[in-house]
Amino acid sequence: MPTPHKGDRLAHTFRPPRAVSEALRAAADECGLPLSQYVADLLAIHVGRPDLVAELGRSEEGLPLAM
């Protein structure tokens with residue numbers, strides 16, 4: 001099944017040091033996200049655009065209950 005359209009995006013190629021790449025892969029796997037989505041979400045947070053974060057830190061469980 002194809003993934004839903006995620007909006008206007010550009011492709012980039014990065015070549016981080018192997019240790020950084022391995023750490024990113026491990027973190028993405030821990031979050032259950034594809035590496036590209038994990039990195040895209042990290043970059044959105046880094047540049048001050050949390051409104052563009054698609055999946056990182058979001059839960060399928062719904063919103064937390066108000067206290």
Side-chain angles (χ1 to χ4, degrees):
M1 176 179 248
T3 58
H5 180 61
K6 294 186 178 182
D8 186 25
R9 292 176 176 240
L10 296 173
H12 294 274
T13 301
F14 298 100
R15 292 179 175 84
R18 182 175 302 274
V20 172
S21 182
E22 290 170 354
L24 286 169
R25 168 59 65 194
D29 288 347
E30 187 175 309
C31 292
L33 296 174
L35 178 60
S36 60
Q37 185 61 58
Y38 181 79
V39 172
D41 285 354
L42 283 179
L43 290 171
I45 293 166
H46 180 74
V47 300
R49 292 298 309 267
D51 57 305
L52 296 177
V53 173
E55 297 183 39
L56 187 61
R58 301 195 183 222
S59 171
E60 294 293 321
E61 298 172 3
L63 298 173
L65 296 174
M67 297 184 101

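Please read all numbers here as calculations on a predicted model, not as lab measurements. These values consider heavy atoms only, across backbone and side chains, with no hydrogens, waters or symmetry-generated copies.
- Pro16 and Ser21 make their closest contact through CG-CB, 4.1 Å (heavy atoms, listed as atom of the first residue, atom of the second, distance).
- Legend: residues meeting side-chain contact (heavy atoms from CB on, under 4.5 Å) with Ile45, ordered by chain and number and at least two apart, are Val53, Leu56.
- The side-chain contact (heavy atoms from CB on, under 4.5 Å) test applied to Arg15 returns Thr13, not counting sequence neighbours.
- Among residues two or more places apart in sequence or in another chain, the salt bridge (charged side-chain N to carboxylate O under 4.0 Å, His left out) test is passed with Arg18 by none.
- Pro50 is linked by a side-chain contact (heavy atoms from CB on, under 4.5 Å) to nothing, counting only residues two or more places apart in sequence or in another chain.
- Each of Tyr38 and Leu52 belongs to its own hydrophobic cluster when Ile, Leu, Val, Met, Phe, Trp and Tyr are linked at side-chain heavy-atom distances under 4.5 angstrom.
- Within the structure, every pair that satisfies the salt bridge (charged side-chain N to carboxylate O under 4.0 Å, His left out) test and touches residues 21-47, not counting sequence neighbours, is listed here: Arg25-Asp29.
- Using a 4.5 Å cut-off on side-chain heavy atoms (C-beta onward), Leu24 and Leu42 make contact.
- Evaluation of the ring-ring contact (aromatic ring centres under 6.0 Å, His included) test over residues 15-34, restricted to residues two or more places apart or in two chains, returns none.
- Take Ala23 and apply the side-chain contact (heavy atoms from CB on, under 4.5 Å) test, not counting sequence neighbours, and it matches no residue.
- Listed by chain and residue number, nothing satisfies the salt bridge (charged side-chain N to carboxylate O under 4.0 Å, His left out) test with Asp8 (two or more places apart in sequence, or in another chain).
- Among residue pairs with one or both ends in residues 8-29, those qualifying as ring-ring contact (aromatic ring centres under 6.0 Å, His included) are His12-Phe14; sequence neighbours excluded.
- Members clustered with Leu10: none, using a 4.5 Å side-chain heavy-atom cutoff among hydrophobic residues.
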